[in-house]
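Atoms considered below: every heavy atom in the structure, side chains included; atoms not considered: hydrogens, waters and symmetry mates. Numbering of ligands and ligand atoms starts at 1, following listing order.
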Amino acid sequence: MRTTVDYGTGEVRTLNNGVVMPALGFGVFQTPPEVTTRAVETALETGYRLIDTAAAYGNERQVGDAIRNSGIARDEVFIETKVWISDYGFDETLHAFDKSARKLGVDSIDLFILHQALPGEFDKTVDAYRALERLVTDGRVRAVGVSNFMPGHLTDLLERTEIVPAVNQVEVHPYFAQPALQEANAERGILTQAWSPIGGITSYRGDSERSTFTDPLILGIAEQYGKSAAQVMLRWHLQQGRSAIPKSVRAERIAENFDVFDFELTAEQLAAVDRLDTGVRGGPEPEDITLETFGLVIPEA
Ligand code: NDP
């Protein structure tokens with residue numbers, strides 16, 4: 001299997017199985033299907049080579065269309081997608097791969113991850129992960145991982161499976177940085193990939209008193225470099241070794257979020273951003289995920 005590829009501009013991360021992935025990617029959660037194709041085409045034109053989608057986002061087909069429309073070779077775009085909990089189980093998850101691959105219009109997926117742990121039905125989570133391992137063996141996916149796994153979930157998974165997840169995609173932004181979870185990932189050789197990396201969830205949920213985009217400390221740092229708050233947050237991720245997958249549907253922000261490779265924060269500035277952590281999660285509590293409350297059905301086509 002080829003482990004190195006030229007992903008153009010930007011940094012890369014080498015995963016624990018040697019596969020190389022762009023560090024900065026493009027997310028499409030809450031991007032409606034009718035605008036996804038254009039948004040992903042714009043991202044690819046801008047230089048992004050990692051696209052993060054999910055079966056649960058309902059836009060895998062449009063992500064695939066955009067990649068084909070771009071004319072960029074399939075192996076120069078790193079595609080990451082996620083299995084939803086309603087498709088957990090060994091056979092069910094193998095079938096979930098077929099559904100995602102069909103919608104994306106690809107034979108193989110670069111990084112295939114479990115979207116959530118199902119803490120109350122962990123056997124099902126393990127069976128789903130075993131299907132991911134089978135897909136690696138069969139050469140259908142290049143790397144496997146998890147999302148929203150807490151340290152206990154990782155311990156339980158690692159005890160019962162063979163392949164250490166390459167990535168744990170979790171909520172990380174200046175207001176909720178999960179340092180203990182990041183440490184737990186690092187100890188196990190798992191790359192932390194930040195979702196809501198610029199704190200989108202602190203503003204689009206509308207119930208937070210503060211937004212990372214208007215935070216005085218972040219804006220103060222941004223001003224020193226002639227950059228934006230989002231750009232400072234993305235530097236914070238990159239310089240601390242994470243992968244990050246900001247989302248936008250606006251061309252100017254898609255470009256802004258990729259224009260982060262020409263400045264560097266100081267150690268003091270990184271530490272100051274670290275201190276903004278409130279310990280308050282924006283997304284759902286991982287322990288509370290159940291099929292009853294989050295059991296969305298993923299269509300066949
Ligand atoms: P982000 O931190 O990427 O923020 C996105 C929000 O910020 C959108 O409302 C966007 O609006 C706005 N925005 C984007 N760029 C800028 C900018 N430069 N200045 C000001 N505002 C900006 O949050 P997301 O929650 O979307 O997370 C990113 C990705 O992470 C998702 O798309 C998805 O791929 C993944 N994710 C994974 C989850 C999981 O459970 N595994 C959960 C949540 C997200 P607009 O589009 O109008 O520009």
When you measure from atom 31 (C) of ligand 1 to every protein heavy atom, which one gives the shortest distance, and what is it?
Phe29 CB, 3.3 Å
For atom 43 (C) of ligand 1, the closest protein heavy atom turns out to be Trp195 CE3, 3.1 Å
Tell me: protein heavy atom nearest atom 27 (O) of ligand 1, and distance?
Ser196 N, 3.0 Å
Protein heavy atom at shortest distance from atom 40 (O) of ligand 1:
Asn148 ND2, 2.9 Å
Residue and atom name of the nearest protein heavy atom (relative to atom 9 (O) of ligand 1), distance in Å to one decimal:
Tyr204 CD2, 3.8 Å
Note: Glu256, heavy atoms under 4.0 Å from ligand 1, region reported as side chain
Ligand 1 versus His115: contacting region, heavy-atom distance under 4.0 Å
side chain
Please work out which of the three classes, parallel, tilted or perpendicular, describes the rings of Trp84 and Phe294, given edges at 30° and 60°.
perpendicular
Does any non-hydrogen side-chain atom of Arg281 lie less than 4.5 Å from one of Pro286?
yes
Proximity winner for atom 4 (O) of ligand 1, if only heavy atoms of Ala255, Gly200, Pro197 are counted
Gly200
Do any nitrogen or oxygen atoms of Pro246 come within less than 3.5 Å of a nitrogen or oxygen of ligand 1?
no
Have a look at ligand 1 and work out which part of Phe213, if any, has a heavy atom under 4.0 Å from it: side chain, backbone, both or neither.
side chain
To the nearest 0.5 angstrom, please state how far the CZ atom of Phe261 sits from the CZ atom of Arg235.
7.5 Å
Looking only at heavy atoms, is any part of Asn257 under 4.0 Å from ligand 1, and if so is it the side chain, the backbone, or both, or is it neither?
side chain
Criterion salt bridge (Lys or Arg N to Asp or Glu O under 4.0 Å) on Arg160 and Asp123, from CA distance to verdict
CA-CA 10 Å; Arg160 300 175 58 188; Asp123 285 353; 3.0 Å; yes
Using a 4.0 Å heavy-atom threshold (strictly under), name the region of Ser248 that reaches ligand 1: side chain, backbone, both or neither.
both
Atom 12 (C) of ligand 1: the protein heavy-atom neighbour that sits closest, reported with distance to 0.1 Å:
Arg253 NH1, 3.7 Å
Nearest 0.5 Å please: distance from the CE atom of Met21 over to the CG atom of Leu50.
5.5 Å
Residue and atom name of the nearest protein heavy atom (relative to atom 37 (C) of ligand 1), distance in Å to one decimal:
Gln169 OE1, 3.0 Å
Do the non-hydrogen side-chain atoms of Lys103 and Ile298 ever get within less than 4.5 Å of each other?
yes
Hey, quick one: are Val35 and Phe26 part of the same hydrophobic cluster, counting side-chain heavy atoms closer than 4.5 Å, chains of contacts allowed?
no
Is Phe176 close to Thr202 at the side-chain level, that is, under 4.5 Å between some pair of heavy atoms?
no
Against the six-membered ring of Phe97, is Arg140 placed for a cation-pi contact (under 6.0 Å from the centre, within 45° of the normal)?
no
State, without any angle test, whether Glu60 and Thr53 hold a side-chain donor-acceptor pair at a distance under 3.5 Å.
no
May I ask you to check whether Ile201 has an N/O atom sitting below 3.5 Å from an N/O atom of ligand 1?
no
With heavy atoms under 4.0 Å as the rule, classify the contact between Lys82 and ligand 1 as side chain, backbone, both or neither.
side chain
Taking the six-membered ring for Trp, are His115 and Tyr57 parallel (under 30°), tilted (30 to 60°) or perpendicular (over 60°)?
perpendicular
Considering only non-hydrogen protein atoms, determine which one is nearest to atom 10 (C) of ligand 1 and report residue, atom name and distance to 0.1 Å.
Lys247 O, 3.7 Å
